[in-house]
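First the structure, in the form of structure tokens, and then the observations on it.
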Amino acid sequence: MSGGARPLQGLLCYLLLLTSAHGNPGDGRGIWHKFAGLPYPEDDLFLYDTFPPGFLWSVGTAAYQVEGGWRQNGKGPSVWDDFTHEQGLPSGDVASDSLNSLYRDTEALRTLGVSHYRFSLSWARLFPNGTASSLSPAGVGYYRGLLRRLRELGVQPVVTLYHWDLPQALQELHGGWPNDTLVDIFTDYAHFCFRTFGAEVKYWITMDNPYVVAWHGYATGMLPPGVRGGRQLGYRAAHNLIKAHAAVWHLYNDLFRSSQGGRVSLALGSHWIKPQNLTEQEIKACQKSLDFVLGWFAKPIFIDGDYPQSMKNNLSSLLPAFTEEEKRSIKGTADFFALSFGPVLSFSLLDSEMKFKQLESISLRQVLCWIRAEYNSPEIFIVENSWFVSGNTQTEDAKYMYYLKQFIMETLKAIKYDKVNVIGYTVWSLMDGFEWHRGYNIRRGLYYVDFTKHSKKLQPKSSALFYQKLIEKNGFPPLPEIQPMNGTFPCHFAWGTVAYSIQIDTTLSQFNDPNIYVWDFNVSKKLIKVGVISQRRKPHCADFASIRRQIALLQEMHVNHFHFSLTWSWILPLGNLTLINHTMLHYYQCFVSELARVNITPVVALWQPTTLNQGLPLTLFKHGAWENFETVKAFVDYAKLCFQHLGSHVGVWITLNEPYMRNITYTSGHNLLKAHALAWHLYDKEFRKAQRGKISIALQADWVEPACPFSHNDKEATKRILEFDIGWLAEPIFGNGDYPRVMREWLSQRNSFDLYNFYLPYFSDDERKLIQGSFDFFALSHYTTTLVYWEKEDVSKYDHYYGVQPINDITWLFSPKRMAVVPWGLRKVLNWVKSKYGKIPVYILANGIDDGQNLIQDKLRVYYIENYINEALKAYYLDDVNLRGYFAYSFTDKMDPRYGLYSYVANQYEPKPSLRHYRKIIDRNGFPGCQALGKADPIRESSASWWVNFLEK
């Protein structure tokens, strides 16, 4: 099925693109429809697959960014030397000192395992004044030595003749690229390079990103040589750059190709642009935006020797014209399409006038598809790609690594799904260096360079280790862990759903007295009034049409358990036994008895924190809430009342449901643990024998993963956060009766800085005995997985508490509220519980996702439920986790908008596709298939719909 806007039109465009052998200018407009109509969420899933055999894995640098030695061995000044010195800006004078570190750089290449290395020749290092008359033997010797070393390592060079560093002499004598004299001068320079180095080089790039050179070098003056000549001068510079490229291509084709067997192209930079609305007018604006940037150079070279028609229509006399002879000479002067995509152009050097009021994005896959459609399906070599991180980042560059993962995965999808002929990929760059107009404020290298030190040692970053592993595997091969498995859960497995509070549905009620449903939690007088009324009148269960309706919906789901929370203030408006709301208590009695009557086990939580008064009666909230031990006493009285009146029908009790709140204090947590333990012992001693129920606490247990799986610091931070988030309340109950040791050590360390005052209380011996072991099972709620990163670029609220900050793996699937869908995280947290607390019974008491994409056709939730339950099955069979039940969150949208398995529209409940899918799993008790000796047999083929984070393997 297709999803999104105009799915039929998008599908037709997609099929047309796949079947078309050649493209024409303007055909790229179909790309926007195609990507608006791809199936959701299938197309958003990570693709586990490998690249074609012989795929070119490369890394790149540019001479001015890394070489340094700006005056060494007679090198002449370039426009970048002059520009930065004259304006007192950071410069590439020393940069990464590659000129003096040839062995260092090539060892880094060897370690990465790349097949190709893209670097540029410094024109001014070879010809200090820009012409052969000033030839520098030292410059020639440096590049010969580099090529020789690459040959020894088996790394193929990809050599750029001109990467923005025009010799300053050519700018001063001729005015730079607006002067067509430079066409011949550049051709002479290229002739020398082909003759001198060509025997070692199979891939030549004549020039890098001529858009930046022409527009920002000669029109805006934002970059060297800094000429503010306006649009006309910029277009004239581009005109000559195109002619110079074509002349060099013909030079190589005529004199060197037959003997050297190389290929020649130019590196063209592109952005991606998307319409604000999918209208024909805005799609045309997007097409025009790409015409004005990428098409400006690509159409003359790859199509017909002339500029895009949209440029000619809009620019009139500003745009120079090619003669017919020039058009013939320019057309076809590229042996492959060399693409540069990343921050050098996008969001930085792209002129706002060229966006035509549309929206930029960093979607590499769409760019690749557009090139395929627009330029006759060329071979594409991605010769520059990555994003950037802060200049303060050192070796643990998780954000950069995940951008790489995203871009490379998009490249793989373009190859596998869209049939784009991508032959190679280049990470930019090998090492940190001078980042043009940003100086040293950002980093893009796989290797860290400390620019403050004389010795420019290269230190591999997390991204380098990631790229090394990716090259070794030639992509992201499917792993056994991502295969779905067949098997069923044990008999009597608890299948349930959740409503954290019961809806009293006045639209369905047959009550004659409407006051019974007038609840105002902030006005105690009304609560008391309700209490008075409730003491006078006890309705029969038959009066509760809403109960019968909700139970009918539960029966329709085929669940055998239903988890909901009582509302303390509804039962005890004043928080204590001086005023009991018998009407509400009787309502709950009716509800649990009706559930039991139809064989649905009530799973009842005594307290659930809410934003309103923390879920407490107003009086208790005003008097310190859980900070006050009187609340603990009141909770025990409240629990006893509930056990007495409801316990005969309740099979499972939860004392405190997800008690952890981000702003909870350690004193509150201390009292919560006491409240739980006292209630547990009360039930155990006075009610268990007669009622035969089970009782425990339910904790939220989302998984936390190190952002850099290669980082010791991130791994330690992950362990710490799990202890703070789960172990804080779990360890005293399920473990040794005290808080986790790592919590005490960490808080003690933070307090020693005199910046914080975190006091973690101590239990007395009697309190430890009371709390330790006060459980019948481990109940957890699990929704998502978070990555944590210790090497901070920015201050975040997470940092103050834990010393880390959360980040996203941008390749993950996300809900509309940006919740990550990471099924394997559930299996990991189940294993964490087992490793910490042994093989105790475990219930997944809540697991669900918001889905605002399609409230009725909730495809994301269908995917979520299937995959999370399958991971639970793996934990049960493969990891021997004592899993007893699974509860899907939540029951209806009315109870929690966007999370419900039933939609609620116009006073009607309608089952969503996710409910029907969940019911099917319940009816089959899992995923039936071949089994042997109690172990499931993962017989289904691996696919993109079952995935696990590549990095953690």
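Residue numbers count from 1 along this sequence. Atoms considered below: every heavy atom in the structure, side chains included; atoms not considered: hydrogens, waters and symmetry mates. Computed from a prediction, not measured in an experiment: that's the story for all the values here.
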[Y] side chain reached by [X] side chain, heavy atoms, under 4.5 Å:
X: S781; Y: Y500; result: yes
X: S546; Y: R549; result: no
X: Y666; Y: W728; result: yes
X: L554; Y: L595; result: yes
X: V603; Y: F887; result: yes
X: L780; Y: I726; result: no
X: L641; Y: L577; result: yes
X: S815; Y: Y899; result: no

With rounding to the nearest 0.5 angstrom, report the [atom1] to [atom2] distance, [X] to [Y].
X: L915; Y: K912; atom1: CG; atom2: NZ; value: 9.5 Å
X: F775; Y: D684; atom1: CZ; atom2: CG; value: 12.0 Å
X: Y588; Y: N581; atom1: OH; atom2: CG; value: 9.5 Å
X: I697; Y: L606; atom1: CD1; atom2: CG; value: 11.0 Å
X: T567; Y: L572; atom1: OG1; atom2: CG; value: 11.5 Å
X: H676; Y: W607; atom1: NE2; atom2: CH2; value: 13.5 Å

Answer yes or no: is there a donor N or O on one side and an acceptor on the other, between the side chain of [X] and the main chain of [Y], under 3.5 Å?
X: H645; Y: Q589; answer: no
X: N560; Y: F493; answer: yes
X: D893; Y: G900; answer: yes
X: Y864; Y: P823; answer: no
X: Y868; Y: V822; answer: yes
X: T497; Y: A888; answer: yes
X: Q691; Y: F643; answer: yes
X: N671; Y: V632; answer: no
X: Q772; Y: G735; answer: yes
X: H586; Y: H582; answer: no

Could you walk me through whether W703 and H782 pass the side chain to side chain contact (heavy atoms under 4.5 Å, CB included) check?
-> CA-CA 8 Å; W703 184 243; H782 177 87; 4.0 Å; yes
For the student: nearest non-hydrogen atoms of [X] and [Y], plus distance:
X: L616; Y: A625; result: CD1-CB, 3.6 Å
X: L860; Y: D850; result: CD2-O, 3.8 Å
X: P609; Y: P659; result: CG-CA, 4.2 Å
X: Q550; Y: F891; result: O-CZ, 3.5 Å
X: N847; Y: I844; result: CB-CG2, 4.0 Å
X: R861; Y: S914; result: CD-OG, 3.5 Å

Evaluate the side chain to side chain contact (heavy atoms under 4.5 Å, CB included) criterion for residues F489 and I869: first the C-alpha distance (whole Å), next the side-chain angles of each, then the deciding distance (0.1 Å), finally the verdict.
-> CA-CA 10 Å; F489 289 93; I869 294 176; 3.8 Å; yes
Report yes or no: do Y904 and N907 form a side-chain donor-acceptor pair below 3.5 Å?
-> yes
Quick one: salt bridge (Lys or Arg N to Asp or Glu O under 4.0 Å) pairs with a partner in residues 606-624, sequence neighbours left out?
-> none
In chain order, what residues pass the ring-ring contact (aromatic ring centres under 6.0 Å, His included) check against Y638, with sequence neighbours excluded?
-> W568
Decide, yes or no, whether a salt bridge links [X] with [Y] under the criterion of side-chain N to carboxylate O below 4.0 Å.
X: E871; Y: K828; result: no
X: K834; Y: D879; result: no
X: R688; Y: D776; result: yes

Picking from N870, I865, L873, what satisfies side chain to side chain contact (heavy atoms under 4.5 Å, CB included) with I921?
-> I865
Steps toward side chain to side chain contact (heavy atoms under 4.5 Å, CB included) verdict (L729, L656) | CA-CA 11 Å; L729 300 180; L656 311 171; over 6 Å; no
Test side chain to side chain contact (heavy atoms under 4.5 Å, CB included) on K859 and Y863 and set out the steps.
-> CA-CA 6 Å; K859 298 176 182 179; Y863 170 82; over 6 Å; no
K694 atom NZ: more than 12 heavy-atom contacts under 6.0 Å = no
Decide if atom NZ of K836 counts as having more than 12 heavy atoms of other residues, nucleotides or ligands within a radius under 6.0 Å.
-> yes
Contacts satisfying side-chain hydrogen bond (donor to acceptor under 3.5 Å, both in side chains) that involve residues 920-929 (not counting sequence neighbours) are W495-N925, H558-D923
Not counting sequence neighbours, which residues clear side chain to side chain contact (heavy atoms under 4.5 Å, CB included) with [X]? List them please.
X: A679; value: F635, A639, T655
X: A605; value: H563, S565, I654, N657
X: E556; value: L553, Y902, P911, R919

On the 0 to 90° scale, with breaks at 30° and 60°, tag the F687-Y683 ring pair as parallel, tilted or perpendicular.
-> parallel
Take the angle between the ring planes of Y886 and Y918 and call it parallel below 30°, perpendicular above 60°, tilted in between.
-> perpendicular
Assert yes or no for the condition that the ring centre distance of F564 to F591 is strictly below 6.0 Å.
-> yes
